[in-house]
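Start at 1 with the first residue, then count along the sequence.
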Amino acid sequence: MYTSCEDTDSKARGRIKPNPDIDGGWAWMIVLSSFLVHILIMGSQMALGILNVEWLEEFSQSRGLTAWVSSLSMGITLIVGPFIGLFINTCGCRKTAITGGILNALGWILSSYASNVYYLFITFGVIAGVGSGMVYLPAVVMVGEYFQNRRAFAQGLSTTGTGFGAFLMTALLKCLCMEFGWRNAMFIQGAVCLNLCACGALMRPIHSKEDVAENCGERNSCKGQSSVNDLSCSVEAVKSNGVLKEEEKGQGKEEKLGSLLVLENKDEPKQRENFYALCIVKTVSQLTVTIQKGFGTWYLSYFGAASLFTNRKFAAFVFWALFAYSTFVIPFIHLPEIVKQYNLSAQNDIFPLTSIIAIVHIFGKILLGIISDSPCVSAWNVFMAANFTLVSCIFILPLMHTYAGLAVVCALIGFSSGYFSLMPVVTEDLVGIKHLANAYGIIICANGISALLGPPFAGWIYDLTQKYDFSFYICGLLYMVGILTLLIQPCVGKKKSAPEKNTENGKV
């Protein structure tokens with residue numbers, strides 16, 4: 001009986017129909033949820049330059065040490081991405097995101113009571129950073145699950161929330177700091193970030209509980225059997241767990257049901273205790289099995305993904321990602337300080353340079369995505385052209401000392417950094433759709449390392465030279481090395497692939 005139920009279960013799983021919400025319906029609510037997550041998480045992180053100035057004045061620490069607060073929050077959000085996969089496999093995206101929203105808000109609120117920079121390392125850098133990662137990854141994964149034919153468009157649309165968020169959160173944090181001070185501003189921002197829980201609640205599984213219940217009903221009823229059969233299955237389950245002694249194998253279903261009723265009437269209180277104990281044991285065993293399966297899936301996905309690095313193009317792509325994200329993050333962190341040095345605060349207050357990057361970044365993602373979708377243009381070529389434009393802007397930025405010049409360079413930085421929407425497409429071209437999730441998790445982790453180390457490095461260079469110029473030049477050079485690695489690697493791969501073909505022909 002138990003074996004046949006397993007067989008029916010496997011057949012029922014095979015008969016699960018695709019969800020009608022794929023590429024439509026509730027899928028657009030998932031896009032909205034992901035869009036709001038990008039506003040509240042990535043947008044807030046892009047606006048941390050406002051708080052960085054306040055922290056420098058409050059704690060009087062070096063720029064390199066203070067920059068660690070922002071970079072820890074940004075870096076940990078991305079670095080923990082592969083490890084958050086364990087929670088997603090075990091608890092699902094919805095529960096993971098709701099828990100992350102609570103943790104993120106708690107980090108902001110606790111940070112408002114900071115007495116020194118090291119306190120912020122823990123509350124804002126670690127707690128808020130881990131919470132952000134627990135919301136960010138499910139937001140990206142859920143869009144991928146709900147979209148098949150329009151996945152690239154949906155991902156690009158949802159990630160535009162970063163640009164909107166950087167613009168909105170910069171204005172919000174600036175206003176809050178001026179009106180209430182930075183401590184109350186962080187407390188209020190923590191309350192705002194509780195909306196991440198609402199975003200997580202929208203991330204319902206692709207197959208609803210009703211669908212699962214229907215399939216379980218088909219499995220247990222075996223297509224039209226009476227409720228007596230269902231109760232007999234429960235008797236079998238009780239016997240298999242040792243509550244009842246196993247009776248004769250030839251006993252009919254009605255006799256089994258009768259024996260269960262007699263036993264219940266005979267000693268009802270004791271049976272209730274046994275029933276509750278059985279429920280507890282069953283729940284614990286199911287939870288243990290779920291955790292084991294989730295850990296096994298996570299372990300195979302990320303540690304088994306080491307084979308991805310045998311793809312040299314992908315290895316070069318990871319090397320590039322180690323330097324790429326910092327060149328986008330550094331201007332957001334240090335531009336407010338640069339504006340103060342150049343005495344451009346009055347003009348920057350009217351329209352902040354970081355807001356220019358954020359607004360143009362939105363259009364950059366959309367336009368670069370449209371250009372890449374055209375049949376006559378390669379997404380890889382668009383991706384590389386955007387990278388060259390961005391690294392050129394990083395070299396030019398220190399040479400601009402007027403607001404107009406800085407505004408033009410910031411606009412180019414915002415537009416060229418729109419290549420982030422092409423990263424999933426480029427990753428898929430390198431490793432294939434089968435390994436896309438694992439490969440993209442590794443890329444995100446590499447970006448997190450870049451975001452973690454970039455801003456403090458720029459701050460340390462400033463402490464040594466009293467200028468931000470050299471930090472931009474050095475980061476630009478490292479970024480250029482990553483880009484050149486992407487250009488050289490395909491040529492190396494072609495040269496090494498030729499002898500392999502010759503040997504194969506020789507064997508034939």
Give the minimum heavy-atom separation between [X] and [Y], together with the two atoms involved.
X    : Y    : answer
L176 : A185 : CB-CB, 3.6 Å
M384 : L486 : SD-CD1, 4.0 Å
W55  : T66  : CB-CG2, 3.8 Å
I362 : T160 : CG1-O, 3.8 Å
F383 : M423 : CE1-CG, 4.1 Å
A139 : V37  : CB-CG1, 3.9 Å

So [Y] and [X], do their side chains get closer than 4.5 Å, heavy atoms only?
X    : Y    : result
M169 : L40  : yes
F472 : F395 : no
W320 : T485 : no

Exercise for the section: Among W68, Y118, W108, find the residue that satisfies the ring pair (Phe, Tyr, Trp, His ring centres under 6.0 Å) test when tested with F124. Expected result: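 The single option meeting the ring pair (Phe, Tyr, Trp, His ring centres under 6.0 Å) with F124 is W108.
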Exercise for the section: Could you list the residues that satisfy side chain to side chain donor-acceptor pair (under 3.5 Å) with T159, not counting sequence neighbours? Expected result: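 Partners of T159 by the side chain to side chain donor-acceptor pair (under 3.5 Å) criterion, ordered by chain and then number, come out as K365.
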Handout entry: Qualifying residues under side chain to side chain donor-acceptor pair (under 3.5 Å), relative to T96, sequence neighbours excluded
Key = none
For [Y], does its backbone N or O pair with a side-chain atom of [X] as donor and acceptor, under 3.5 Å?
X    : Y    : answer
S34  : V31  : no
Y419 : G364 : no
N381 : V377 : no
S132 : A128 : yes
S73  : S70  : no
N52  : L48  : no

Handout entry: Pair F323 + Y479: ring centers closer than 6.0 Å
Key =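 Aromatic pair excluded; centres sit 6.0 Å or further apart.
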Measuring from [X]:[atom1] to [Y]:[atom2], what's the distance to the nearest 0.5 Å?
X    : Y    : atom1 : atom2 : answer
S44  : M186 : OG    : CE    : 10.0 Å
M142 : L137 : CE    : CG    : 11.5 Å
H361 : I356 : NE2   : CD1   : 15.0 Å
L106 : S111 : CG    : OG    : 9.0 Å
T77  : N447 : OG1   : CG    : 12.5 Å
C177 : W182 : SG    : CH2   : 9.0 Å

Exercise for the section: Please report the C-alpha distance between T389 and S416 in whole Å, then the side-chain angles of each, then the deciding distance to 0.1 Å, and finally whether the side chain to side chain donor-acceptor pair (under 3.5 Å) criterion is met. Expected result: CA-CA 6 Å; T389 304; S416 57; 5.7 Å; no
Fill in the blank from the handout: Those residues at least two apart in sequence (or on a different chain) that pass ring-ring contact (aromatic ring centres under 6.0 Å, His included) with F164 are F35
Does atom [atom1] of [X] have more than 12 heavy-atom neighbours, drawn from other residues, nucleotides or ligands, at distances under 6.0 Å?
X    : atom1 : result
M29  : CE    : yes
F470 : CZ    : no
F388 : CZ    : yes
F59  : CZ    : yes

Practice task
Any salt bridge (charged side-chain N to carboxylate O under 4.0 Å, His left out) involving residues 75-97? Give me the pairs, sequence neighbours left out, ordered by first then second residue.
Solution key: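 Every candidate salt bridge (charged side-chain N to carboxylate O under 4.0 Å, His left out) pair involving residues 75-97 fails, so no pair, neighbours aside, qualifies.
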I'd like a table of donor-acceptor pairs (distance under 3.5 Å, sequence neighbours excluded) in which one partner is a side-chain atom from residues 403-413, with atom names and distances.
unit_1, atom_1, unit_2, atom_2, d
Y403, OH, F351, O, 2.4

Practice task
Indicate whether the side chain of H38 and that of T162 have a donor and an acceptor atom separated by less than 3.5 Å.
Solution key: no
Practice task
Specify whether F317 and W380 have parallel, tilted or perpendicular ring planes, treating 30° as the upper limit for parallel and 60° as the lower limit for perpendicular.
Solution key: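 Ring orientation of F317 relative to W380: tilted.
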Atom pairs and distances, side-chain donor-acceptor, residues 190-199, under 3.5 Å, sequence neighbours left out:
unit_1, atom_1, unit_2, atom_2, d
N195, ND2, V192, O, 2.7

